[in-house]
J.: 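Handing you this structure, nothing more for now.
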Amino acid sequence: NNYKTWHYYAFLNYKYFEVLLSMNNKKKNIYAQNAIIGFTNSVCIGGKTIAKTLQDLLRIIEIWFQVGEDITVIKLIKQSFIKIDIDTWLQVLPQLLARVNTKNELIQESLIEILKLIGINHPSVLIYPLIVMHKSKHKIRSKTAGIILSSMALHNKQLITECAVIIDELNRCALLLHEKWTEAIEECAKLYFELNDIKGMISVLNEVHSLMEETPITMNEVHFHQL
């Protein structure tokens with residue numbers, strides 16, 4: 001139960017893993033697995049002391065996303081979700097959210113699992129970035145956020161609904177209709193004249209035209225509709 005012992009054991013395996021990864025050596029996964037085991041134990045012992053756990057957690061994430069296609073690695077990663085206190089994972093929440101657009105199914109599945117756990121235990125921390133992400137035009141990011149929000153809604157449906165309303169109103173204040181139209185026209189010009197993408201141009205125009213079907217609420221929206 002000694003932090004330094006597990007930390008140095010993991011760090012040694014991590015360094016070997018880095019070398020073998022650069023050489024594309026098949027044995028790299030063995031050292032990756034040992035490193036995950038070591039870092040998981042060192043983080044558990046280190047507790048919520050950021051100075052001790054942050055770098056170890058970041059290295060776990062690095063290994064996870066580099067060789068996450070290995071089934072044994074994913075099993076060890078999922079075990080770390082249970083062993084490491086969920087509060088500790090909050091330290092690396094931005095790094096986890098930044099990787100939700102990964103295309104690897106095993107990594108994607110495990111990432112959704114840990115974000116669901118965080119969402120259940122700390123909904124207020126995760127709800128804002130997830131709702132924003134759910135509105136993203138990036139299909140994978142939007143779909144992943146939707147899956148996690150659906151899971152959170154089983155326990156915090158009212159919180160999600162209220163937060164979505166607040167975010168919509170903030171966006172309504174921050175990005176006015178004439179700004180949205182200006183951006184859309186500029187994007188359409190680029191799609192048509194530079195990329196010759198007529199379908200893309202029409203899609204963008206349809207999107208802003210659909211905004212005009214909504215009932216104007218703010219004075220700015222009322223004035224824009226009257227023009």
J.: Which residues satisfy the side-chain contact (heavy atoms from CB on, under 4.5 Å) test with Tyr128, sequence neighbours excluded?
T.: Val132, Ile167

J.: Taking a hydrophobic cluster as the set of Ile, Leu, Val, Met, Phe, Trp and Tyr residues connected by side-chain heavy atoms closer than 4.5 Å, whether directly or through intermediates, do Val92 and Leu76 fall within one such cluster?
T.: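 In one cluster: yes.
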
J.: May I have the step-by-step check of side-chain contact (heavy atoms from CB on, under 4.5 Å) for Leu93 and Val125, ending in yes or no?
T.: CA-CA 9 Å; Leu93 183 57; Val125 175; 3.5 Å; yes

J.: Ring pair (Phe, Tyr, Trp, His ring centres under 6.0 Å) with His209: which residues, sequence neighbours excluded?
T.: Trp181

J.: For the pair Phe65 and Asn104, evaluate side-chain contact (heavy atoms from CB on, under 4.5 Å) and give the outcome as yes or no after the intermediate values.
T.: CA-CA 9 Å; Phe65 284 90; Asn104 184 289; over 6 Å; no

J.: Could you pull out all donor-acceptor pairs under 3.5 Å where a side-chain atom in residues 77-87 meets a protein atom, sequence neighbours excluded?
T.:
residue, atom, partner, partner atom, Å
Lys78, NZ, Glu109, OE2, 3.4
Ser80, OG, Ile77, O, 2.4
Asp85, OD1, Asp87, N, 2.7
Asp87, OD1, His122, NE2, 2.5
Asp87, OD2, Lys48, NZ, 3.2

J.: Side-chain heavy atoms nearer than 4.5 Å, only ILVMFWY residues, links allowed to pass through others: does that put Ile60 and Ile30 together?
T.: no

J.: Report yes or no: do Met212 and Val222 belong to one cluster of Ile/Leu/Val/Met/Phe/Trp/Tyr joined by side chain heavy-atom distances under 4.5 Å?
T.: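 Cluster IDs for Met212 and Val222 differ.
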
J.: Under 6.0 Å between the ring centres of Tyr16 and Tyr31?
T.: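 Tyr16 vs Tyr31: aromatic centres under 6.0 Å.
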
J.: Is a donor on one side and an acceptor on the other found under 3.5 Å between the side chain of Ser22 and the backbone of Val19?
T.: yes

J.: Kindly give the heavy-atom pair with the smallest separation between Ala32 and Val67, and that separation in Å.
T.: CB-CG2, 4.0 Å

J.: For the pair Ser110 (side chain) and Ile107 (backbone), establish whether a donor and an acceptor sit closer than 3.5 Å, ignoring hydrogens and angles.
T.: yes

J.: Counting only pairs under 3.5 Å, give me each side-chain donor-acceptor contact of residues 188-202, with atom names and distances, residues two or more places apart or in other chains.
T.:
residue, atom, partner, partner atom, Å
Asp197, OD1, Gly200, N, 2.9

J.: Enter the distance from Lys143:NZ to Ile140:CD1 here, rounded to the nearest 0.5 Å.
T.: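 It comes to 8.5 Å.
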
J.: If you compare all heavy atoms of Gly46 against all heavy atoms of Thr53, which two are closest, and at what distance to 0.1 Å?
T.: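 Taking Gly46 first and Thr53 second, the nearest heavy atoms are C-CG2, 3.9 Å.
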
J.: Roughly how far apart are Asn101 CG and His138 NE2, rounded to 0.5 Å?
T.: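 Between Asn101 CG and His138 NE2, I get 4.5 Å after rounding to 0.5 Å.
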
J.: Let's go through Leu57 and Thr88 carefully: what are the C-alpha distance in whole Å and the side-chain angles of both, what is the deciding distance for side-chain contact (heavy atoms from CB on, under 4.5 Å) to 0.1 Å, and is it a yes or a no?
T.: CA-CA 9 Å; Leu57 268 176; Thr88 306; 3.6 Å; yes

J.: For the pair Ser210 (side chain) and Glu207 (backbone), establish whether a donor and an acceptor sit closer than 3.5 Å, ignoring hydrogens and angles.
T.: yes

J.: Please say yes or no: joined through hydrophobic side-chain contacts below 4.5 Å, possibly via intermediate residues, are Val100 and Ile112 part of one cluster?
T.: yes

J.: CG of Leu97 to CZ of Arg99: how many Å apart, nearest 0.5 Å?
T.: 11.0 Å

J.: Is any side-chain N of the basic residue among Lys15 and Glu18 closer than 4.0 Å to the acidic one's carboxylate O?
T.: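 Salt bridge flag = yes for Glu18 with Lys15.
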
J.: Between CG of Leu115 and OG1 of Thr144, what distance do you get to the nearest 0.5 Å?
T.: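 It is 9.0 Å, given to the nearest 0.5 Å.
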
J.: Nearest 0.5 Å, please: how far is CZ in Phe17 from CG in Asn29?
T.: 7.0 Å

J.: Checking Asp70 against Ile74 for the side-chain contact (heavy atoms from CB on, under 4.5 Å) test, could you report, in this order, the C-alpha distance in whole Å, the side-chain angles of both residues, the deciding distance, and whether it holds?
T.: CA-CA 6 Å; Asp70 183 90; Ile74 286 295; over 6 Å; no

J.: In terms of hydrophobic clustering (I, L, V, M, F, W, Y; side-chain heavy atoms under 4.5 Å; direct or indirect links), are Ile131 and Ile120 co-clustered?
T.: no

J.: Can a donor-acceptor pair be found, under 3.5 Å and without considering hydrogens, that links the side chain of His134 to the backbone of Ala145?
T.: no

J.: Glu183 versus Glu187: any side-chain heavy-atom pair under 4.5 Å?
T.: no

J.: May I have the list of side-chain donor-acceptor pairs in residues 5-13 shorter than 3.5 Å, sequence neighbours left out?
T.:
residue, atom, partner, partner atom, Å
Thr5, OG1, Asn2, OD1, 3.2
His7, ND1, Asp56, OD1, 3.0
His7, ND1, Asp56, OD2, 3.3
Asn13, OD1, Asn34, ND2, 3.3
Asn13, ND2, Tyr9, O, 2.8

J.: For residues Ala35 and Ile63, report the shortest heavy-atom separation together with the two atoms involved.
T.: CB-CD1, 3.7 Å

J.: If you take all heavy atoms of Val208 and Lys180, which pair is closest and at what distance?
T.: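 Here Val208 and Lys180 meet closest at CG1-O, 4.1 Å.
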
J.: Return yes if some donor-acceptor pair links the side-chain N/O of Asn25 with the main-chain N/O of Leu21 below 3.5 Å, else return no.
T.: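 A pair under 3.5 Å: no.
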
J.: Report, one line per pair, each donor and acceptor closer than 3.5 Å where one atom sits in a side chain of residues 147-163; sequence neighbours left out.
T.:
residue, atom, partner, partner atom, Å
Ser150, OG, Gly146, O, 2.8
Gln158, NE2, Glu162, OE2, 2.9
Thr161, OG1, Lys157, O, 3.0

J.: Measure the CD-CH2 distance between Gln95 and Trp64 for me, rounded to the nearest 0.5 Å.
T.: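 It comes to 11.5 Å.
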
